[in-house]
Structures are given as structure tokens and as C-alpha cells.
Amino acid sequence: MSTVDVKRRVLPRWSPKLAIGLGLIGVVVVFGLVGPLVVGDPNTVRDIGLTPPGGSFWLGTTQTGQDVVAQIAYATRGSLQIGLVVGVLATVLSAVFGIVGSYAGGIVDEAFSLFSNVMLVIPGLPLVIVIAGFVPAAQRGSWTIAIVLAITGWAASARVLRAQTLSLRNRDYVAAARVAGERTWRVITVEILPNLLPVLASQFVFAVVLAILSEAGLSFLGLGASNSSTLGTMLYYAQNGFALQREAWWWFVPPGLVIALFGCGLSLVNFSIDEIINPRLRDVPRKPGKVAATVEVVPATRGSDDAVLTVSGLSVVYQGEKPVHAVRDVSLTLRRGEILGLAGESGCGKTTLAYAVNRLHKPPAEVTAGAVTFHDRDGTDVDVLGLGVEELRVFRWSKLSMVFQGAMNALSPVTSVAAQLDDVLVTHRPEMSREERRKRCVEVFTLVGVPPERLGAYPHELSGGMRQRVMIAMALLLDPQVMIMDEPTTALDVVVQRGILLEILKFRDSLGFAVVFITHDLPLLLEVADRIAVMRDGEVVELGSAEELNVDPQHPYTRELLESFPSLTGERGGFVRGTPALDGGVR
Amino acid sequence: MRYYVRKFVFYLVALWAALTLNFVIPRLMPGNPVDILLAKLQQRGGSIDPAARRSFELLLGTGGDESIVSQYFAYLGNIFRGDLGVSVSAFPAPVSEVIASSLPWTVVLVGIATLLSFLVGIALGALVGWKRGTWLDSLVPATTVLSAVPYFWLALILVAVFASALGWFPLAGGYDVILTPAWDAEFLSSAIYHGTLPALTIVVSSVGGWLLGMRNMMVSAMSEDYVLTAQAKGLRDSRIMIRYATRNAVLPSVAGFAISLGFVVSGSIITEQVFSYPGIGSKLLQAVQNNDYALMQGIFLVITVAVLGANLVVDLLYALIDPRTRVSGG
Amino acid sequence: MSALEARDLVKEFGVRDGVRRSVLRAVDRVSFTLSAGRTVALVGESGSGKSTIARMIARLEKPTSGEIVLGGEALEGEALGGKVLGGKALGGKALSDREYRHRVQMVFQDPFASLNPFHTVEHHLARPLKLHGRVKGGAESSKMVRELLERVTLPAEFASRRPHELSGGQRQRVAIARALAPGAGIVVADEPVSMLDVSIRLGILKLLARLQREENLAVLYITHDLATARHFSDEILVLYRGRVVERGPADQVILEPRHPYTKLLAAASPDPSARGREFSVGREVVEAAGSAAAYDHFAGTWAAV
């Protein structure tokens, strides 16, 4: 099990792309290794001149009668050799400058980083050409070329590795290893390096491709190594032998094709490596907000006359090899103007439920059963699961708005707060003039206690509490009847949290919308919510008024949750220092 | 403010590094390039006035007993006066003149081609990322093949097909040789006609890199909370794609422009050779083949300065599209 | 006898603001004493400097000034009195990092980040055992690893697992076992339960309390949660903007807070029995009181900071 997992972290996932990539690489490498052993001497000059493919020359001959196949076999070997050598050298250089520098930090990092950035902006090939121009052709061996290419080609990788190392060195496990007493070199090689393997591999592959391409270019210009023949050298002779003008395609097409196939193979492998580094690239999504075709539209009956949202028998399943039932047969009624708390721990399905109500759930999640009915102020009922794409878009935010947990990322970092509020009005209220929209934005800002002059601010210029207030202001813009709040204050300090809670309670009274308040913090809900649903494993295990839950919890899990929060001023209960107490089993 | 100061300082350092490299490289190399140059000059019947000799010596090393430090400062002085020495292959034209005549060709060709490929790559990448899971996904491996192809080989193929076989475009050159360069419609249209295949080569080979980078960033941006918020806000898909996902995803592509520009410039130099384009890449090669060291170094410097300048412009533009760089502290 | 004494710890960070550089004092002259078998809690909001103090005690950051002195016979009977670390020495010699970490260990906040995803549980526990010379050879090491797991109530077969195969609570137990491995007498617990699901938080705190009793550990408990601070620790220090504004026995600080900031924190904590209440103390009152003076419940007086 564990070895399988290491493989998954280090080796790419099997896919057609990877298979084709490895196949291409394999074919070219085998050709370069074995080819020279079976073909004849590539330098044998025959007096047959330029001959098209056919007979004993599969790919014809050059203008001096040399066998093109034999030349390609040797040239492939030459190109691969130089690619490999440069790939290794450049990766080592980039690792030294990227990893060591960024781990050392301080002045070393500044110096290394400046050095690699300067090397990066100085164009590589012109520099290589100049250096090659100064070295007399007789002294231009393949090692000279390899070293020059490595020196001019490592900087981009160093930058990538530096960024990765910087993020890794601040991980707690690196600090933990230091606290455990590990020495610096062991922290780098044993704790950091293994986690960099995919990036290193990807940079190595990149360096090999770059080296083969650069070397080909250099040889094509006649500036390559004098003691080895590569695919670029072949193209140089083809160009100077007027292969193009004489339409001798068999001479200049195959060498480039070999480079292209090999480079393509490496790039395809790199795709798969990228998917390890950034798992988001991996899964191919289907259409979001999916409702299974089998879900019957049941006209929901209003749980009570003042209901604004009725959820009946809702089930959400994460489809896959082993389908996971995240929400099982949940029925809830949200009354007009009430705060309904949804409490539970991570993975209990509370967020999935809230998203599914607005059909914001992402594949592979799918609503498999149930109904969500919105009871509008004007008396019409809206079957949310049955809405068409455009109807759903219009429904969102104008009837039901949301406040998300991560206030930092819920606002786009590069757009001003005003523009993000304005977007809502432009889309939902096209009849409003610019002036009216501006007025409305100022209005909601004032409501939530953010000075209107902060409208022009960007999210990073606001504190966490301010950002969450801006989110609430945005949710108020269209005067919705329901607001779903997903852990709206969890990331905030208690005092800031308190202030925002007081605001929410205030609006609920003055504006009269209903709130679904999702949190893991049951004591908080006991204080602010009217009714509370406790969720566990996708099911609502207990639903009751806050008072009932506080005084007389029915379900053992509710009691367990309540006991998990020691009272600030009350007795210590089961949690007493100094006396032996059970500390639970394996959880 | 701080961002701008930092960028300016960085590019000054990079410029200094390039100038110094240019000074150091010939001095590290075997042989005595000045003697080779002067011998060549004499073959061509050129007279060597002391000023020309001096500027060669400063560029390439004197071999005398002048201290390296005073050589270095005299060299810098010469460079800042624009004195890059005399070209041997185009004797008696000074290097600066040779460069001035060929630079516009390259700047226009590479500039337009790079801009085009950037815009096309970013637009396609954004679309492919947004429509992930549709047939557009197949564009990704297709462009990968194109970016794994050497520029000059693609140029050869394009010439073979469109110039030799189909005869749609000229085989080589930057303009019709019967014309004299001038700012008239006839010359310009001839230049555009001749520049199409070289530009196509650069666009086709470099567009894949932009496309792939943009697509990956787009996929990442689409799983960010702000896109989810935008969806919850009931915004139209086109608005979410452009104003939220693309707007954020484009930042790394612009920030990484420097890396890509280096590759494009390198590729273009060789491409010019295939088309016998009258640009700076062909001149560089010509200089190398003729041991015209002064011209070689002059071209290297000019290319470097141009690339640094382009990168500086992009970095300044970046500050416009990412408000976080404008923070006083950042 | 004190196990660790922090004297006038100061930590300053350079802040660049445009061309100007200014200095932010994250921790301002904080002193406290840790003793074997006792827990001291540092309480404060984010930015109060509490985590910086934890990192200084764990030697992950160097204090700008001030001293950390280890001493006391609690440490394996050795007389270590007067060994001074960080800041200026007071006659005693400075301990090497290895020696220091032999005595001071840390439990990190986020068990999802503090275990290396690449390595097994065995690696995480065996390395400190080996580094601090507590085992010789593989057989002994693997026996000790299983013993450690048992002490944090994890089954022995967890040794071969990797972090992602464990739940948050199990990970934090591994992290605690790792901190125990070197046999240190002092443990810094930096918000050890704040990233965990609520229903397992008390279990982890109870485990820490039990281990503390069994090993007679000196514990520094860093938290933003007043309630667990009160129940888990003997002494509480309230931090506000890098300074201690109130200190005293746990119950007294929470039940009879004197500084407006402590009162504000207490008032902001959820209290189901007080629905719909308003703040008893406003931010302005705290701002006005500032951090110029601290209340010391032991002495029963205010003192200028």
C-alpha cells in the first residue's frame, strides 16, 4: 500500500499521452543506440550523387552519395548524447543555484537569485554563438559545446526550483525536522529533495529538449562540435548542399522529424509529470451542477406557511469507482427570516449540502434524489433542481446569495472591490445607471460598516475582517431572501468574529432574509441560530431549536459535540488536569 | 514605486553583466583575435588608423601591459559613446552602421511575430482551459509537437511547401531585390510579402508554449474560490471566463515573458539564416564566419539590450495589470 | 526549580515600506518561567506574537535580544544551571543546537503540514531517536518506535504508514510522539488542536496532559482559545501586540480578568447562555488601555511594561 503510494507521488499516472510519449522516446533512443551498429559507415562516399529513396538506400543518399539512414542513425546518437550530458549538467547547476540558494536564504539567496535572473534575461543562443565564434573550429569539441549550452541553459529551471523550494522550506515538516535536530544537508536531501523530484524531473526533461534544439541550431549554423555529428550537422550539410532547392526532401525532412518526435515524446511525458506537480490539471471535469436525469421533480409541499426554502429528501453522491454518499436524504425547511445553523465536522456533508441547494456542486458530485424548492415572496414556487441554465443564473444571488469561508480567495485579487460588486448589478439589474449602481454599492458598504471610500480598494489592501464584511455587502446587493454562509467567521480572530456576527444578527432583523449558517462551532450556533441541524456522515442526526439543543440534546453525537467545547467560565467537566482521564482511542 | 525601482535596478545590473561578459569572453578565449582582425583588414587593403586599432584592442584584449581595470573603463567609455569598432566584413563601415541597417528588419519581424503568437497563444490557451473536457483538449498535444520542432527545420519545411512547391511565397530575402528600400507602398508590401513565411515560422513554433502555459494557469484559476463566487453571483459564463479566470490566469504568462522571449529571439536568429533575411541574425552569422569579432560582439550587445528593453517594458506593463505590485511594501 | 526561563525576549522584524525601512517589534520584552510538571499558556489573537515566541523557544528564530536559560535538575538529573542561549551570555556557555533540542521539543499547529508526505511514520520517529542517541541499531529503534506509538495510543502497525493514510488526530498523535522521542523535558505546543475536528480536540489535549504527568514535562501551550487555556494550563499569559498585558493563575485570569483586552477576549468567546448580548467592552477601551501596563495576579498589582 505505502510503496504504491510513493510511486503515485513520484511516478506519473498511466495515460495514453504518457504511453505515446514513452513510446516515441523509446523508439528514438533504441534507434540511436542500436542503429549505428546495424547501418553501414555514414561517411562512405559513393559516386551516385543525390539519389531519392529506393533500393538499398531507404532514405536515399546525400549529394556525395552517403547513405541518409546511416547518417541519421549516427546523428541521432550524437544528438542524444549531447542532450543527455547538457540535461544532467544544467539540472545540477539549476539545483545548486535554485535549491541551495533558496534554502540558505538571506544574502546567499538574493545573490543566487539575482545571478540566475540575469542569466535568464541575457538571450542564450546569441551568447553561445559569440562564444563559439571565438573558439577556433578545431578546438570546438562536443564537451566544449555541452558545457557552453549547460551554462547558458540552466537559469529558467533554477527559477522554478527556487520558487518550489521556497514554498517547501516554509512547510512545517521542514521546521519539525530542524527541531528534531536534523543537520542542514540532511534537511535538504532527505526532507526537501524527495518532494521536489517531480519538479526536478520535469526540469530535466525540459533541459534535454532545449539542449537538443539549441545544439541542432548551433550545428545548423556550422558552429557545432567539430568532432561529432548530430542531426543539426546533417541539416547544415543539407542546407549547404541546396537540398531545398533540389527538392531532396529525404535529406532534410528526416533529421528534423527525429528531433520533433523525440521532443514531442519528452513533452508528452512532461504533461504527465505536470499533473503530479499540479493535481488540478489531472481530472477532466464534466458539466458542473449536475442533477441526475433520474431525479423526479416532486412539487415540494411547504413545510410551513412561512417557509422560504424547502429541501426534501436531497441526496448528493460523489460518483466514481466507489460512489461516496456525501448527503443522504436530507429534508430541511428554512423559514422566512430565521437563522438555521448547520453544524458538523469536516466531511459531514454540510458544505456539499449548501452548495447543492444552489447547484454549485462540482463534478464528480451529483444530486441523485430529492428536491429543492424556493418559495418566493410573491407566492410562486421555484424548483431549483429543475431550472434551466439561464434560469438558474438569474435565480442565483437575486433570490439566494452566499458568503464563502475563504474571504481571501472569494474575491478576485486583481480587480477592485467596487468592480466585483458592480458586476452583480450590471448583470442582474441592467436597467440601473452607473450612478444608481454606485449609490447602491455605497449603501451596502455603509450597512456592513465598511467606509464607502474603501470601494476602490483591492482585496489585499483589506484586513480579513474587512474582506468578510465586503463579501456580506456583496451578498446584500440584490436584497436576497436567503443567504447561505459557509464558515463565514472561522478564519477570523474571536473579537472580529464577534463583531461580524452582531452585524449579521442586526441585518437579519432589519432586512428580514433567512440565513443558513454553516460552521463546526456549535457553541457559536447555540448563541446566534434559531434552529440547528447537526449533520454527521451526510445525514441530519438532530434538528431542533437552539434552546432545545443546548438544554436537552437528544442524539449522542450532539452531546459529544457539545462536550467537545469546554465552557469558559463553567466547571471543568470531564476535562480535569492532574487526574487520569481517558484520552480516547484511535480517531 | 518600490516595484519600479527594483525593476530598473535589476535591468541595470543585467545590462552591466552583459557588457562585462562581452568584455571578458574574448579575453578568456585562446588565440589573439586582434591580430586575426588586423590581418584580415590588411588583406582587404584597409588602413589601420590608431583609433580603430585602439577600439579593437579595447573590445578584444590588448595583449599588452595595460592593466585590465583601465582597459575595462576605457571599453565602457567606448561603448557608451556608441563606438563598437569597425566591421571587417563590411569594411570600412563601422559596426554601429552595419547594425543600424539590419536591426529594424529583425525588430519588426520578431516584434510583430512575438506579439501575434503571444496574443493567439493566450487567447487559445484561455479557451482550451475554459472548455476543458471538450475536443479543444486535442489542441494541446498538437501544439506540443510544433514547439518540439526546431524553428529552422520548420522554416525549411514551410519554404519547401509554400515557396518551392506551391510558389505562393518568395524563397528568400526581406524584399524584392529590384526595389530600393523606401517608405512607399510598393516596398512595404514587398517587405510584408517576404516577411510572411519567417513570421509564420516564429508564430507557429512559439504559440504552443504560450498556449500550454496559459491553459494550465486557466485550469488552476478555475478551481479558485473567486470563480465559484462569480458563479454563485449568477454572472454570465463569458464574464466569468474573461473578467475572473482569464484576468488572473494571464499574470504568470506575462511574468514569464522574459523566459519565452529569450527562446523566440534565439529561434528567430536561425530562422533568418534559412530565409537569408536581411536582419541581425544573418549578420551575426556572417560575422562569425568571417571572424568579424567586433561586429559579432556589437550584435550580441544590441540583441541583449533589445531583449532587456522588451522585458523591462513587459515588467512595467505587469505592474499595470497586477495591483499587488503597487503595494508600497511589495 | 525552573526548567526554562525566558528573560525579556524581544523579536523585531525589518519592514520595508517603499524606500524607508522600519522595524516591527513582534515580541516586546516577554519573560516567563517553565517548570517541570506545569503548563504555561500564551493566549492572544493572530499577530499578538505568540507563535513567534514559540518559534524562538524552539530555536527556529533568533531573539533580537533577551535570553533563554535552561536549568534545573528536572533534566535527567544533570545540573545545567546557568546555560544561556541567545542574546548575551551571563557567564554560562551557549548550548549547541543539538544539545538544546535534546531538551526542548515542539508540537506544530497543523498536523497536515508538519509531517513529510514522502516519509513513513517510522522515519518521523526513528530519526530523532537516532539523532539524540536514544537507540543503537535498527532492532532497538523499531522497538522504541512502537513504544512511542503505544504511548500516544496508536497501534504498532502505523509505523509503516504514510501521513496521508492517517486522520488529522492520528497525525497529531504521531507529531506528539516525535516531540517525545528525544526525551526532552520541555515541550512547546503551538496551537496543537486548532486545525483538528472539534470532537477529537479534547482527546489530544487529554493525551498531552497525561504525557505531561507521566514525564513530568514543562509545557508551553500556545492558543487563541481561552477556554482550553483555562482548563489545560496552570498559568496564563495574555499577549496583546507583542506584550504581556495580564498574567496569573489560569482560573484567576479567566474568571477575574483585569486588563480590558482580556475582558474583551472573554466577552467575544461564544456563550450559549447569553444569546443576543452586546459587547461588554469595546475595542476603543482596549485601545485606550493599550499595552503600557500589565496586571500580575501573582503580585496582585499593575506594573508598567
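These figures come from a predicted structure and were not determined experimentally. So that the names make sense, note that chain A is the first sequence line, chain B the second, and so on, each numbered from 1.
- Heavy-atom distances place no part of A:Leu478 under 4.5 Å from chain B, backbone and side chain included.
- Minimum interatomic distance between A:Gly256 and B:Pro150 (heavy atoms only, all atoms of both residues): O-CD, 4.4 Å.
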Residue pair B:Thr229, A:Leu411: steps toward the side chain to side chain contact (heavy atoms under 4.5 Å, CB included) verdict
CA-CA 8 Å; B:Thr229 311; A:Leu411 293 166; over 6 Å; no
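- Heavy-atom distances place both the backbone and the side chain of B:Val274 under 4.5 Å from chain A.
- At a 4.5 Å heavy-atom cutoff, the contact between B:Val145 and chain A is made by backbone and side-chain atoms alike.
- Here the closest non-hydrogen pair linking A:Ser412 and B:Asn248 is OG-ND2, 2.9 Å.
- Note: A:Pro123 leads A:Ala260, A:Pro123, A:Cys264 in heavy-atom pairs under 4.5 Å with chain B.
- Annotation: maximal heavy-atom pairing with chain A below 4.5 Å, among B:Leu154, B:Leu284, B:Asp322, B:Asn22, occurs at B:Leu284.
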B:Met296 and A:Phe134: CA distance, side-chain angles, deciding distance, side chain to side chain contact (heavy atoms under 4.5 Å, CB included) verdict:
CA-CA 9 Å; B:Met296 215 161 85; A:Phe134 275 112; 3.7 Å; yes
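- Taking A:Asp423, A:Asp274, A:Leu257 one by one and counting their heavy-atom pairs under 4.5 Å with chain B, the maximum is reached by A:Asp423.
- A heavy-atom distance below 4.5 Å is found between the side chains of B:Pro323 and A:Val414.
- For B:Tyr151, no part sits under 4.5 Å from any heavy atom of chain A, backbone or side chain.
- The two residues A:Trp397 and B:Ala232 make their nearest non-hydrogen contact at CE3-O, 3.1 Å.
- When B:Ile25, B:Val149, B:Leu235, B:Val288 are compared by the number of non-hydrogen pairs under 4.5 Å with chain A, B:Leu235 comes out ahead.
- Of the two parts of A:Leu235, only the side chain, counted from C-beta on, holds a non-hydrogen atom closer than 4.5 Å to a non-hydrogen atom of chain B.
- Contact count versus chain B (heavy atoms, under 4.5 Å) is highest, among A:Val253, A:Leu114, A:Asn270, for A:Val253.
- Residue B:Ile269 touches chain A through its side chain alone, counting heavy-atom pairs closer than 4.5 Å.
- Neither the backbone nor the side chain of A:Phe395 comes within contact range of chain B; no heavy atoms are under 4.5 Å apart.
- Residues that satisfy the salt bridge (Lys or Arg N to Asp or Glu O under 4.0 Å) test with A:Arg159, not counting sequence neighbours, are absent from this structure.
- Only the side chain of B:Leu212 comes within less than 4.5 Å of a heavy atom of chain A; its backbone N, CA, C and O stay farther away.
- The part of B:Leu251 that comes within reach of chain A is its side chain, from C-beta onward, which places non-hydrogen atoms under 4.5 angstrom from that chain.
- Under the 4.5 Å side-chain criterion, counting only non-hydrogen atoms from C-beta, B:Gln231 is in contact with A:Lys362.
- For B:Asn216, the parts lying under 4.5 angstrom from a heavy atom of chain A are both the backbone and the side chain.
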Mind listing the side-chain donor-acceptor pairs of residues 210-217 of chain A below 3.5 Å, one per line with the distance, residues two or more places apart or on another chain?
unit_1	atom_1	unit_2	atom_2	d
A:Ser214	OG	A:Leu210	O	2.8
A:Glu215	OE1	A:Thr230	OG1	2.9
A:Glu215	OE2	A:Ser219	OG	2.6
A:Glu215	OE2	A:Thr230	OG1	3.2

Pair B:Trp16-A:Val118, side chain to side chain contact (heavy atoms under 4.5 Å, CB included): steps then yes or no
CA-CA 10 Å; B:Trp16 167 80; A:Val118 167; over 6 Å; no
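- With a 4.5 Å cut-off on non-hydrogen atoms, B:Leu156 touches chain A through its backbone and its side chain both.
- Side-chain atoms of B:Lys233 never come within 3.5 Å of backbone atoms of A:Met402 as a donor-acceptor pair (strictly under, hydrogens ignored).
- The side-chain heavy atoms of A:Val130 and B:Ile299, taken from C-beta on, include no pair separated by under 4.5 Å.
- Minimum interatomic distance between A:Val121 and B:Val307 (heavy atoms only, all atoms of both residues): O-CG1, 3.5 Å.
- For the atom pair CG of B:Leu285 and CG of A:Leu223, the computed distance is 6.0 Å after rounding to the nearest 0.5 Å.
- Counting heavy-atom pairs closer than 4.5 Å to chain B, the top residue among A:Leu218, A:Leu477, A:Leu221, A:Val209 is A:Leu221.
- Using a 4.5 Å cut-off between heavy atoms, B:Arg243 touches chain A through backbone and side chain atoms alike.
- In terms of heavy-atom proximity, A:Gly133 sits nearest to B:Tyr293 at O-CE2, 3.8 Å.
- Heavy-atom pairs under 4.5 Å with chain A peak, among B:Ser223, B:Gly262, B:Ala221, B:Gly281, at B:Ser223.
- Between A:Gln420 and B:Tyr226 there is no side-chain heavy-atom pair separated by less than 4.5 Å.
- Of the two parts of B:Ile321, only the backbone, made up of N, CA, C and O, holds a non-hydrogen atom closer than 4.5 Å to a non-hydrogen atom of chain A.
- Here A:Val426 is the residue among A:Thr415, A:Val426, A:Leu261, A:Ile484 with the most heavy-atom pairs under 4.5 Å with chain B.
- For the pair B:Val265 and A:Leu125, the minimum side-chain heavy-atom distance is 4.5 Å or more.
- Residue A:Val394: no heavy atom, backbone or side chain, is found under 4.5 Å from chain B.
- The contact between B:Leu228 and chain A is made by backbone and side chain atoms together, counting heavy-atom distances below 4.5 Å.
- Distance check, rounded to the nearest 0.5 Å: CH2 of B:Trp153 to CZ of A:Phe220 gives 12.5 Å.
- With contacts defined as side-chain heavy-atom distances shorter than 4.5 Å, the pair B:Phe300/A:Ile122 qualifies.
- B:Asp237 contributes atom CG, which lies 9.0 Å from atom CZ of A:Arg393 (distance to the nearest 0.5 angstrom).
- Scanning both residues, B:Gly234 and A:Thr427, for their nearest heavy atoms gives O-CG2, 3.6 Å.
- There is no contact between A:Ser401 and chain B, counting heavy-atom distances below 4.5 Å.
- At a 4.5 Å heavy-atom cutoff, the contact between A:Tyr355 and chain B is made by side-chain atoms alone.
- Contacts of A:Met119 with chain B are absent, with no heavy-atom separation under 4.5 Å from either backbone or side chain.
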